[in-house]
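Because only heavy atoms are used, hydrogens play no part in the values below, and waters and symmetry mates are left out as well, while side chains stay in. Protein chains get the first letters and strands the later ones, always in sequence-line order, with residue 1 at the start of each. Please read these numbers as outputs of a predicted model, since none were measured by experiment.
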Amino acid sequence: MQPLVSVSHLVKEYGSGANRFRALNDVSLDIHAGQVLVLMGPSGSGKTTLISVLGGILSATSGSVRIDGREIVGMSESQRPALRRDLFGFIFQGFNLFPALTAEENVAIMCKLKHVPQPARAAANLLESVGLADKRNAYPADLSGGQKQRVSIARALAGHPRILLADEPTAALDSVSGRKVLEILSGLARQNNRAVVIVTHDPRVLDYCDRIVTIEDGRVGSDELRRHIRPTPGDIA
Amino acid sequence: MGILAWKNLFYDRVRLIVTLTGIVFALVLIAIQFGMFLGFLDTAANIVENNSADLWISAPGIPHVNGGSPIQEAKRWKALQVPGVTHTANFSIFFVNWKLPNGAFETCQIAGFDLDSGMGGPWNLVAGRVEDLRGEDTVIIDDLYKRKLGVHNIGETLEINGKRARIVGFTHGIRSFTTAPYVFTSFKNAQNYIPMREEETIFILLRTAAGADRNAIKTGLLATIPGIEVFTRDEILSRTRNYWVFGTGAGTTTLMGAMLGLLVGIVVVAQTIYAATIDHLKEFGTLKAMGATNGQIYQVIILQSTLAAVMGYVLGISVALAIVHSTADTDLLIKLPWPVALGIFGLTLFMCMSASLLSIRKATTIDPAMVFRG
Ligand SMILES: Nc1ncnc2c1ncn2[C@@H]1O[C@H](COP(=O)(O)OP(=O)(O)O)[C@@H](O)[C@H]1O
Ligand SMILES: [Mg+2]
């Protein structure tokens with residue numbers, strides 16, 4: 001089966017001249033649809049850089065990244081927004097919600113951006129799918145950390161992207177809400193045959209992932225498949 | 001995207017208030033200063049604008065209509081012989097002293113006109129009749145200057161240059177650019193008030209035959225009568241207007257005031273919109289990371305400034321209209337006709353758009369990778 005994401009000999013350097021710093025050094029990795037892949041590694045090892053390049057946010061220095069067979073290294077700056085919009089959902093450690101908008105509006109604005117028909121309705125449905133039907137009209141300031149992260153997951157799901165990229169999604173959460181967020185994220189890989197990539201230090205994630213890749217000094221350290229306890233769909237909400 | 005612009009604007013309450021205050025302040029400054037300028041244009045030469053004469057004869061080299069000096073009245077008869085001239089009339093404008101009931105003096109300007117031709121007479125009469133000026137020692141003044149001239153009602157008697165003057169009527173809204181109000185009277189009465197010889201006048205007003213070439217008549221007059229200057233209506237109008245509005249600096253000052261308003265507005269609005277963009281940089285970065293194009297980010301910023309512009313305009317123009325209304329019955333004329341009000345809306349939009357340019361530049365340089373930082 002063709003991998004959804006295929007990374008080979010990827011190099012990413014920051015800066016130039018004397019300040020040049022190689023953050024990713026010859027990374028090769030295939031990611032399959034339906035898989036929950038966890039990226040682990042020490043701080044500064046290049047995890048965020050890797051998912052930024054995968055998600056078309058940063059351009060690579062050399063190597064190849066194919067998404068669904070399409071090469072994105074060397075893609076022009078003007079083509080990137082559409083690539084990000086059509087293929088990816090992003091989840092951030094700091095949630096990055098719009099504080100002036102309600103939970104539903106936060107999701108709906110992304111539905112509009114992705115040309116989802118009936119964006120308000122779609123947003124309500126997505127919030128329901130992360131168990132926040134009753135928080136539609138709440139503002140981020142009135143939500144707990146775990147609820148905020150669930151809103152941001154609902155937002156990332158707008159337009160049903162094939163790939164979800166989450167950078168330390170549980171770092172700011174307590175253990176109960178962190179576990180819930182991880183349950184939801186791993187459940188999402190099975191739906192619609194998605195790939196879910198989670199950057200984390202959180203050992204709880206081991207219960208929910210299919211594969212763990214460690215990054216050390218910009219290189220792939222280890223890469224192992226895991227057995228895990230899959231949550232049943234009923235647990236998700 | 002519209003909802004983000006709208007709600008972000010109201011989310012920053014304090015900033016919205018600062019932005020609106022800036023716009024309102026700028027708008028009121030622009031509207032009032034420009035309105036005063038328009039008022040000056042109106043007031044400076046209203047005595048010419050409301051005079052039906054086609055040509056004016058005066059002493060040579062007069063600076064403006066309020067600065068004439070005596071010429072021989074007999075020149076009228078020579079003027080009548082120039083082909084195309086159908087009517088002539090005397091007309092005097094001259095600064096005189098008006099004695100208040102309490103004994104103090106005010107300066108005013110006699111406008112002595114020929115009652116038979118009506119050229120140079122008062123307009124907008126609200127009390128009395130022009131015909132009443134046929135009586136001896138009679139004058140008509142404007143009701144905006146009642147207090148200044150110590151007058152309350154028709155029939156009151158005062159003194160002009162030591163001669164009796166009886167009020168027989170009031171006009172409304174005949175303002176004077178100088179602080180000296182106009183006092184209308186017959187040319188004959190005026191001779192008593194103005195230190196001038198019997199056979200002299202300040203102006204000779206002419207009416208010409210319908211369709212006649214006024215410039216040709218003007219040349220004819222200059223060739224026939226020595227020691228005079230001849231103006232068409234437009235010429236004396238613009239000489240007077242230019243003298244008072246631009247020669248005195250009043251016009252330039254008000255126009256500069258209006259420009260200053262524009263500048264203040266742009267700076268304040270630019271500052272607040274820029275600060276708002278900086279505050280929301282992470283949100284814009286998030287939008288960009290999630291696939292929004294630069295164009296879509298600009299839309300939010302431009303929409304924000306447009307919304308601020310519309311709200312600021314509604315508030316600002318209301319304040320300006322209130323000020324204009326409150327000065328309606330004073331000697332200061334501030335005009336805010338609707339095309340100007342409309343123009344100010346355009347200016348407000350321009351102000352807010354140019355203010356947001358700075359922010360748009362900043363938004364272009366957003367690094368979407370910033371979204372991953374804490
Ligand atoms: N914009 C940048 N410019 C220069 N160096 C950077 C930049 N972003 C990250 N780095 C460096 O690249 C390395 C990898 O960073 P990052 O991918 O954020 O690591 P991680 O997410 O694993 O903590 C770090 O040493 C970091 O200092
Ligand atoms: Mg990181």
Side-chain angles (χ1 to χ4, degrees), chain A residues 12 14 23 47-53 55-59 77-102 104-106 108-115 119-120 139-141 152 155-156 158-159 161 165-168 171-172 199, chain B residues 1-19 272-273 275-305 307-308 311 359-361 363-374:
Chain A
K12 171 66 190 175
Y14 288 114
K47 306 180 297 294
T48 297
T49 304
L50 177 57
I51 63 167
S52 301
V53 173
I57 287 175
L58 287 179
S59 55
E77 217 45 59
S78 58
Q79 288 174 297
R80 287 177 186 279
L83 173 87
R84 299 194 287 261
R85 186 189 67 205
D86 298 338
L87 287 174
F88 297 99
F90 295 94
I91 294 147
F92 314 101
Q93 176 181 341
F95 319 125
N96 296 16
L97 295 175
F98 305 113
L101 304 186
T102 63
E104 183 175 304
E105 287 162 349
N106 262 282
I109 195 171
M110 212 50 63
C111 290
K112 271 182 224 156
L113 190 66
K114 299 192 172 190
H115 306 297
Y139 285 88
S152 92
R155 182 176 68 176
L165 301 173
D167 195 13
E168 316 223 18
V199 171
Chain B
M1 292 299 184
I3 192 171
L4 189 65
W6 179 253
K7 292 193 87 169
N8 271 353
L9 206 58
F10 282 94
Y11 189 73
D12 301 328
R13 281 289 151 82
V14 175
R15 174 165 298 134
L16 179 64
I17 290 168
V18 173
T19 310
T272 52
I273 289 179
T277 310
I278 299 295
D279 272 12
H280 295 283
L281 223 47
K282 187 142 195 177
E283 292 174 38
F284 291 137
T286 304
L287 277 176
K288 224 165 143 175
M290 294 182 155
T293 58
N294 275 338
Q296 285 168 315
I297 308 281
Y298 302 160
Q299 262 178 36
V300 176
I301 294 174
I302 288 175
L303 199 59
Q304 264 178 17
S305 0
L307 288 169
M311 285 190 283
S359 305
I360 280 180
R361 283 192 52 124
T364 320
T365 60
I366 294 173
D367 173 11
M370 76 183 284
V371 293
F372 290 112
R373 285 170 220 141

Q: What part of A/Pro161 gets closer than 4.5 Å to chain B, counting heavy atoms only: side chain, backbone, both or neither?
A: neither
Q: Which region of A/Phe88, side chain (C-beta onward) or backbone (N, CA, C, O), has a non-hydrogen atom less than 4.5 Å from a non-hydrogen atom of chain B, or is it both or neither?
A: neither
Q: So does A/Asp86 get a backbone contact from the side chain of A/Lys114, meaning a donor-acceptor N/O pair under 3.5 Å?
A: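 Here the side-chain-to-backbone pair does not exist.
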Q: Would a 4.5 Å heavy-atom cut-off, applied to side chains only, mark B/Thr293 and A/Arg85 as touching?
A: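 When only atoms from C-beta onward are counted, A/Arg85 and B/Thr293 do not touch, as no gap falls below 4.5 Å.
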Q: Chain A: which of B/Ala292, B/Gly2, B/Ala289 shares the most heavy-atom pairs with it under 4.5 Å?
A: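 Most pairs with chain A among the choices: B/Ala289.
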Q: Is the backbone of A/Gly55 close enough, under 3.5 Å, to the side chain of A/Arg84 for a donor and an acceptor to pair up by distance?
A: no
Q: Is A/Ile51 close to chain B through its backbone or its side chain, or both, or neither, when contacts mean heavy atoms under 4.5 Å?
A: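 It is the side chain, since no backbone atom gets that close.
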Q: Hey, does B/Lys7 have a side-chain heavy atom less than 4.5 Å from the side chain of A/Thr102?
A: yes
Q: How about B/Gln304 and B/Asn8: do any of their side-chain heavy atoms sit closer than 4.5 Å?
A: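 Yes, at least one pair of side-chain atoms sits under 4.5 Å.
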Q: Please state whether the side chain, the backbone, both or neither of A/Leu58 comes within less than 4.5 Å of a heavy atom of chain B.
A: side chain
Q: Under the ring pair (Phe, Tyr, Trp, His ring centres under 6.0 Å) rule, collect the residues that match up with A/Phe95, sequence neighbours excluded.
A: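 Ring pair (Phe, Tyr, Trp, His ring centres under 6.0 Å) list for A/Phe95, sorted by chain: empty.
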Q: Could you look at A/Arg80 and say if it's the side chain, the backbone, both or neither that has a heavy atom under 4.5 Å from chain B?
A: neither
Q: Side chain, backbone, both or neither: which part of B/Leu9 has an atom under 4.5 Å from a heavy atom of chain A?
A: neither
